[in-house]
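Here's the structure, in structure tokens; my notes come after.
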Amino acid sequence: MERHTLFSMLGTLVLLGFVATFAGVATWLERKVMGRIQHRYGPTYCGPGGFLIWLADGIKLILKEDLIPDAADNILFRLAPYVVFVGSFAAFAAIPFAGGLVAANLNIGIFYIIAVSSSVVIGILMAGWSSGNKWALFGAMRAAAQIVSYEIPIGITLITVVMMVGSLNLQDIVAYQGGALGAHGGGCWNWLIFKYPPFTIIMAFVYFIAAISEINRTPFDIPEADSELVAGYHTEYSGIRFSVFFMAEYANSFAVSAIATTLFLGGWLPPYGHFLFAKSEFLATFEGLAWFLLKSGFLVFVLLWLRWTLPRYRVDQLMRLCWKVLLPIALVNLGAVGGWICWQMSQAAS
């Protein structure tokens with residue numbers, strides 16, 4: 001077996017382990033955040049501070065019986081959770097965790113992420129249709145409409161970023177935010193969120209709000225609305241297949257937070273001017289990884305915070321927010337940033 005094949009397999013296993021561990025720890029963190037917001041403690045007895053509750057949940061889901069309804073399409077029903085998870089997991093291949101820490105340094109990184117994340121809707125439709133349950137089908141159709149709609153303001157926002165940087169490569173986008181120092185640092189004043197205020201600040205908010213909706217998190221969890229659709233498109237799932245859906249959800253939560261960090265918050269770059277351990281490549285990489293995880297983790301915490309603070313939108317409110325609020329704002333930002341860049345180019349030419 002060739003060396004690059006071994007490295008690819010090893011990298012896949014490392015990413016899979018990271019995603020699985022993050023999904024488990026995130027369930028514990030969400031219960032703690034939920035408990036504090038609701039003035040209670042959350043998990044306390046399973047491990048220190050209830051930290052091992054996610055391991056107990058994992059063992060419980062593995063041991064539970066895997067039921068398949070009589071009216072279900074057997075093959076599609078079994079396959080759907082893994083299609084959803086693969087679409088979520090594949091996006092991690094292009095996310096740069098640090099300067100040299102990326103599974104695939106693609107020159108079309110943003111385009112790749114949009115493409116693979118869009119495949120999630122196929123798995124959701126498969127799950128809803130193959131269940132033979134009208135509530136699951138309603139949830140799947142809601143999810144398809146929601147994901148396809150909110151991809152438009154997200155795409156326009158990403159086009160604006162590409163127009164500013166001149167590259168689809170996520171490593172180049174982070175290096176651009178390093179200013180004169182490039183990928184070696186530069187300070188938070190060079191981050192894209194502060195590049196053309198207030199337009200880039202608004203861009204970051206548009207992306208983050210649309211991304212929350214695209215991954216079906218509260219207050220946009222219409223496809224899983226338990227008060228209306230039992231549990232939505234995964235109503236009929238149990239055991240390990242049920243857990244795969246939730247692993248995909250938490251993987252998506254980290255993925256959109258990591259992409260927001262890469263595009264607007266300087267990626268792995270520290271907020272101060274340069275790396276503290278710039279003389280050592282290994283320590284600089286470790287420092288960059290720490291900053292990347294800290295920024296992404298903060299955005300994940302915001303997702304959890306919003307879930308237990310805001311009420312769920314209605315379907316009509318959800319679509320109105322996309323088509324009548326976020327889309328016009330994204331288009332105005334695109335024109336404003338484009339005009340600003342053209343004015344700067346004309347000033348430089350003269």
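Computed over heavy atoms, backbone and side chain alike; hydrogens, waters and symmetry mates excluded. What you see is a predicted model, and the numbers here were worked out from it, not measured in a lab.
In this model, a donor atom of one side chain and an acceptor atom of the other lie less than 3.5 Å apart for Asn216 and Gln146. For the residue pair Ser130 / Asp73, no side-chain donor-acceptor distance below 3.5 Å is found, with atom types taken as modelled. In the model, Asn133 has a side-chain atom that pairs as donor or acceptor with a side-chain atom of Glu236 under 3.5 Å. In this model, a donor atom of one side chain and an acceptor atom of the other lie less than 3.5 Å apart for Trp308 and Glu30.
One finds the CZ atom of Arg307 at 7.0 Å from the CG atom of Asp221 (value rounded to the nearest 0.5 Å). Distance check: Trp191 CH2 to Tyr176 OH gives 16.0 Å after rounding to the nearest 0.5 Å. Interatomic distance, CE of Met163 versus CD1 of Ile341, reported as 4.5 Å (0.5 Å rounding).
Aromatic ring centroids of Tyr196 and Trp340 lie under 6.0 Å apart. Taking the ring centroids of Phe245 and Phe85, they lie at or beyond the 6.0 Å cut-off. Between Tyr250 and Phe254, the distance separating the two ring centers is not shorter than 6.0 angstrom. The aromatic ring centroids of Phe138 and Tyr233 lie 6.0 Å or more from each other.
Sequence neighbours left out, the pairs with a member in residues 44-65 that pass side-chain hydrogen bond (donor to acceptor under 3.5 Å, both in side chains) are Arg31-Asp57. Applying the side-chain hydrogen bond (donor to acceptor under 3.5 Å, both in side chains) rule to pairs touching residues 153-165 yields nothing, sequence neighbours excluded.
Partner of Trp291 under the ring-ring contact (aromatic ring centres under 6.0 Å, His included) criterion, chosen from Phe298, Tyr272, Trp268, Phe97: Tyr272.
Linking Ile, Leu, Val, Met, Phe, Trp and Tyr residues whenever their side-chain heavy atoms come within less than 4.5 Å places Val325 and Ile212 in a single cluster. Both Tyr150 and Val315 belong to a single network of hydrophobic side chains, linked directly or stepwise wherever heavy atoms of I, L, V, M, F, W or Y lie under 4.5 Å apart.
Heavy-atom neighbours of Tyr41 OH from other residues, nucleotides or ligands within 6.0 Å: at or below the threshold of 12. Around the CZ atom of Phe51, the shell of radius 6.0 Å holds more than 12 heavy atoms that belong to other residues, nucleotides or ligands.
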Legend entry - Steps toward salt bridge (Lys or Arg N to Asp or Glu O under 4.0 Å) verdict (Arg320, Asp316): CA-CA 6 Å; Arg320 187 184 302 116; Asp316 60 311; 3.5 Å; yes
Inset, instruction - Evaluate side-chain contact (heavy atoms from CB on, under 4.5 Å) for Lys195 paired with Gln177, printing each intermediate quantity in order. - result: CA-CA 9 Å; Lys195 184 68 174 178; Gln177 297 175 79; over 6 Å; no
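Closest heavy-atom contact between Ser119 and Val83: O-CG1, 4.3 Å.
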